[in-house]
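Have a look at the structure below before the remarks.
In this text the structure is predicted, and so the values were computed from the model without any measurement.
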Amino acid sequence: QVHLVESGGGLVQPGGSLRLSCAASGSIFSTKYTGWYRQAPGKQRELVAAITIGGNTNYADSVKGRFTISRDNAKNTVYLQMNNLKPEDTAVYYCALPLSGDWGQGTQVTVSS
């Protein structure tokens with residue numbers, strides 16, 4: 001089982017930015033489809049952004065143009081840069097390798113004035 005650890009969450013005002021990081025226990029991101037998901041209170045978990053083995057990315061419509069997923073294979077880390085944050089982005093954000101069922105513990109992002 002792969003150990004994934006997210007960091008970088010916190011409280012930010014609307015319009016602000018955060019960068020989430022997901023560190024893996026080994027060199028796996030270059031060989032795995034990786035996604036950032038989020039779950040807000042009372043809502044289902046949803047895919048926010050994903051990156052394929054080849055580096056292609058896709059995003060939920062609600063975050064297109066504001067969020068960017070990237071990967072640093074040398075550091076075994078995947079990032080989620082979040083700009084122009086909105087209150088509706090408030091959620092627990094999870095890093096995951098969905099095809100193998102590996103999930104991190106999540107990091108809380110709160111967007112509020």
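Both Leu20 and Val111 sit in one connected hydrophobic cluster of ILVMFWY residues. Membership requires side-chain heavy atoms under 4.5 Å apart, directly or through other members.
The CG atom of Leu85 sits 6.0 Å away from atom OG of Ser17, with the distance rounded to the nearest 0.5 Å. Note that the OG atom of Ser21 and the CD atom of Gln81 stand 9.5 Å from one another [nearest 0.5 Å].
Side-chain N/O atoms of Thr77 and Asp72 include no donor and acceptor closer than 3.5 Å.
The minimum heavy-atom distance between Ser113 and Pro14, with the atom names listed, is N-CD, 3.7 Å. Nearest heavy-atom pair, Ala24 versus Leu4, reported as atom, atom and distance to 0.1 Å: CB-CD2, 3.9 Å. Heavy-atom minimum distance, Leu80 versus Ala49: CD1-CB, 4.0 Å.
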Show the atom names and distances, to 0.1 Å, of all donor-acceptor pairs under 3.5 Å that link a side chain in residues 28-36 to residues at least two apart or in another chain.
from, atom 1, to, atom 2, distance (Å)
Thr31, OG1, Ile28, O, 2.9
Thr34, OG1, Lys32, O, 3.2
Trp36, NE1, Tyr79, O, 3.4

Distance-only criterion, 3.5 Å: show the donor-acceptor pairs between side-chain atoms of residues 91-107 and protein atoms not counting sequence neighbours.
from, atom 1, to, atom 2, distance (Å)
Tyr93, OH, Arg38, NH1, 2.9
Tyr93, OH, Asp89, O, 2.6
Ser100, OG, Leu97, O, 3.3
Ser100, OG, Asp102, OD2, 2.7
Asp102, OD1, Val2, N, 3.4
Gln105, NE2, Glu6, O, 3.3
Gln105, NE2, Glu6, OE1, 3.4
Thr107, OG1, Gly9, N, 3.2

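Between Thr90 and Val109, every side-chain heavy-atom pair lies at or beyond the 4.5 Å cut-off. In this structure, the side chains of Val48 and Phe67 come closer than 4.5 Å at one or more pairs of heavy atoms.
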Candidate pair Ile69 and Val78, rule side chain to side chain contact (heavy atoms under 4.5 Å, CB included), full reasoning: CA-CA 7 Å; Ile69 187 171; Val78 170; 4.0 Å; yes
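A distance-only check finds no donor-acceptor pair linking the side chain of Tyr59 to the backbone of Leu47 [under 3.5 Å]. No side-chain donor-acceptor contact under 3.5 Å links Thr110 to the backbone of Leu11. Although no hydrogens or angles enter the test, the distance criterion places a donor-acceptor pair under 3.5 Å between the side chain of Arg66 and the main chain of Asn84. Put simply, the side chain of Arg71 gets close to the backbone of Thr52: a donor and an acceptor are under 3.5 Å apart.
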